[in-house]
> 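The structure that follows is given in the form of structure tokens.
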Amino acid sequence: MIARTARALAAAGVEAPRAEAEQLAAYVLQVPRGRLALADGFTPAQRDRLAALVGRRVTREPLQHLLGSAGFRHLELAVGPGVFVPRPETELLAGWGIERARERAAPLVVDLCSGSGAIALAVAQEVPAARVVAVERSPAALTWLRRNAAGRAAAGDRPIEVVAADVTDPDLLADLAGRVDVLLCNPPYVPRSVTVPPEVAGHDPDEAVFGGADGLDVIRPVVGRAAALLRPGGAIGIEHDDTHAAAVPALLRGDGRYDRVAEHRDLAGRPRFASASRRADGTHADPAPAWQTDSS
């Protein structure tokens, strides 16, 4: 049954058909994937259920929507229509932010464009002393964010604070200005001209994927607002498209209020996120030349 499922998924262009076939089978049988070999065979009802799920997956409906959840670091988060499915690559940004937060006794961490709450909830779980504020604009995504936040609080993690707001608002989190220790952001950053996989194009919210013509429409204002929110010496990390390896660090340098600007690559060697520190003296240096793109 699993082999047949894997063949159907492969024919539909799914990248990891065997792994997904095992995940779907484990989900239907209600056993851990690692114990599939020890599970009893499928009942007729379970066969029908698996066939129905495979029928949806071959149309490229995201696997996470079928399972109702997505793994992220040590978390299992509820996801579905209306919210961006967190990706494994973003665990790198979250891990970096967690390490920075651990440098403070009681850090204040802000997660912008929070979506399902993956980054914010990972920080809250792994840095129990942190106060974590998650900001999201989309009403649909906020529903999933609040659901996940409530679930993790019920499980014993420190509750996070959810704020419904637009991260491009020039007065965003005005009460926290100059107080934030770590600011993390996984914004919409795909340039509008890029063709994305069917799972993204047909199911992830457009506003959570595309960042304008060059992919920087949200990142630009976030860079500026973050400088106002961070304390001197505070850290910022922003995930970006792999075409932005020069653009986002240049925006950080060009602002004039950051130093220690760095670019970070993922395990495949692709540019993944940029980081910087708010100037420790709190001043505004002479800005570097602003990054320009052909579309700006």
> Do Pro187 and Val167 touch side chain to side chain, with heavy atoms closer than 4.5 Å?
no
> Between atom CD1 of Ile119 and atom CG of Leu75, what is the distance when rounded to the nearest 0.5 Å?
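Ile119 atom CD1 to Leu75 atom CG measures 11.5 Å (nearest 0.5 Å).
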> First locate atom CZ of Arg49, then atom OH of Tyr27, and finally report the distance between them rounded to the nearest 0.5 Å.
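Spacing of CZ (Arg49) from OH (Tyr27) equals 4.5 Å.
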> Provide the closest heavy-atom pair for Leu92 versus Arg272 in the form atom of the first, atom of the second, distance.
CD1-CG, 4.4 Å
> Kindly say whether Asp214 contributes a backbone atom to a donor-acceptor pair with the side chain of His244 at under 3.5 angstrom?
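Such a contact is found between His244 side chain and Asp214 backbone.
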> Show your working on side chain to side chain contact (heavy atoms under 4.5 Å, CB included) between Arg179 and Arg231 and close with a plain yes or no.
CA-CA 5 Å; Arg179 298 168 51 196; Arg231 65 168 176 80; 5.9 Å; no
> Measure the acute angle between the ring planes of His203 and His65, then classify it against the limits of 30° and 60° as parallel, tilted or perpendicular.
perpendicular
> Tell me the closest heavy-atom pair linking Pro81 and Trp144, and the distance in Å.
O-NE1, 3.0 Å
> How long is the gap from CG on Asn148 to OG on Ser69, to the nearest 0.5 Å?
9.5 Å
> Is Arg100 close enough and on-axis enough to Trp96, meaning under 6.0 Å and within 45°, for cation-pi?
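Flagged: Arg100 positioned over aromatic ring of Trp96.
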> Output the distance between atom CG (Leu142) and atom CZ (Arg147), rounded to the nearest 0.5 Å.
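The distance works out to 14.5 Å.
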> Do other residues, nucleotides or ligands put more than 12 heavy atoms under 6.0 Å from the CZ atom of Arg260?
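At most 12 heavy atoms, drawn from other residues, nucleotides or ligands, come within 6.0 Å of this atom.
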> Distance from Leu36 atom CG to Ile2 atom CD1, nearest 0.5 Å?
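Here the interatomic distance stands at 4.5 Å.
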> Just wondering, do Glu91 and Phe72 contact through their side chains at under 4.5 Å, heavy atoms?
yes
> Linking I/L/V/M/F/W/Y whenever their side-chain heavy atoms sit closer than 4.5 Å, directly or via other members, would Leu145 and Val110 fall into one cluster?
no
> Is the shortest side-chain N to carboxylate O distance from Asp206 to Arg192 below 4.0 Å?
yes
> Please give me the minimum heavy-atom distance between Pro17 and Leu9, naming the atom from each residue.
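Residues Pro17 and Leu9, closest heavy atoms: O-CD1, 3.6 Å.
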> Just checking, is any N or O donor in the side chain of Glu239 or Thr90 under 3.5 Å from an acceptor N or O on the other one?
yes
> Do any N or O atoms from the side chain of Arg57 and from the backbone of Glu61 form a donor-acceptor pair under 3.5 angstrom?
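Yes.
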> Check whether any side-chain heavy atom of Ile236 sits under 4.5 Å from a side-chain heavy atom of Leu252, and report yes or no.
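Side chain of Ile236 against side chain of Leu252, heavy atoms only: contact under 4.5 Å found.
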> Does a side-chain heavy-atom distance below 4.5 Å link Leu63 with Leu24?
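A side-chain contact under 4.5 Å exists here.
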> So which heavy atom on Ser116 is nearest to which on Val79, and how close?
CB-CG1, 4.2 Å
> To the closest 0.5 Å, what do you measure between CG (Leu29) and CD (Glu22)?
12.0 Å
> When hydrophobic residues are tied together by side-chain contacts of less than 4.5 Å, even through go-betweens, does Leu53 share a cluster with Val31?
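Looking at the clustering, Val31 is in the same group as Leu53.
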> Using a strict 4.0 Å threshold on nitrogen-to-oxygen distance, state whether Arg279 and Asp255 make a salt bridge.
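The answer is no: the pair does not qualify as a salt bridge.
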> Salt-bridged, Glu199 to Arg60, with N to O below 4.0 Å?
yes
> Using ring centroids (six-membered ring only for Trp), state whether His240 and Tyr189 fall under 6.0 Å.
no
> Where the side chain of Asp242 meets the backbone of Arg270, is there a donor-acceptor pair that is under 3.5 Å apart?
no
> Tell me, do Val109 and Val127 make a side-chain contact under 4.5 Å, heavy atoms counted?
no
> Charged N to carboxylate O under 4.0 angstrom, Glu207 versus Arg137?
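Looking at Arg137 together with Glu207, the answer is yes, because their closest N to O distance falls below 4.0 Å.
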> So, the side chain of Arg104 versus the backbone of Arg102: is there a donor-acceptor pair under 3.5 Å, distance only?
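Checked: no pair found.
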> Would the distance check show the side chain of Asp111 and the main-chain N or O of Ala134 forming a donor-acceptor pair, the cut-off being under 3.5 Å?
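Not a single qualifying donor-acceptor pair exists.
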> Checking the side chain of Asp171 only, and the main-chain atoms of Ala174 only, is there a donor and an acceptor separated by less than 3.5 Å?
no
> If we ignore angles and hydrogens, is there a donor and acceptor under 3.5 Å between the side chains of Glu136 and Ser114?
no
> Would the distance check show the side chain of Arg152 and the main-chain N or O of Gln125 forming a donor-acceptor pair, the cut-off being under 3.5 Å?
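Side chain of Arg152 to backbone of Gln125: no pair is present.
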> Are any side-chain N or O atoms of Arg257 and backbone N or O atoms of Gly224, one a donor and one an acceptor, separated by less than 3.5 Å?
yes
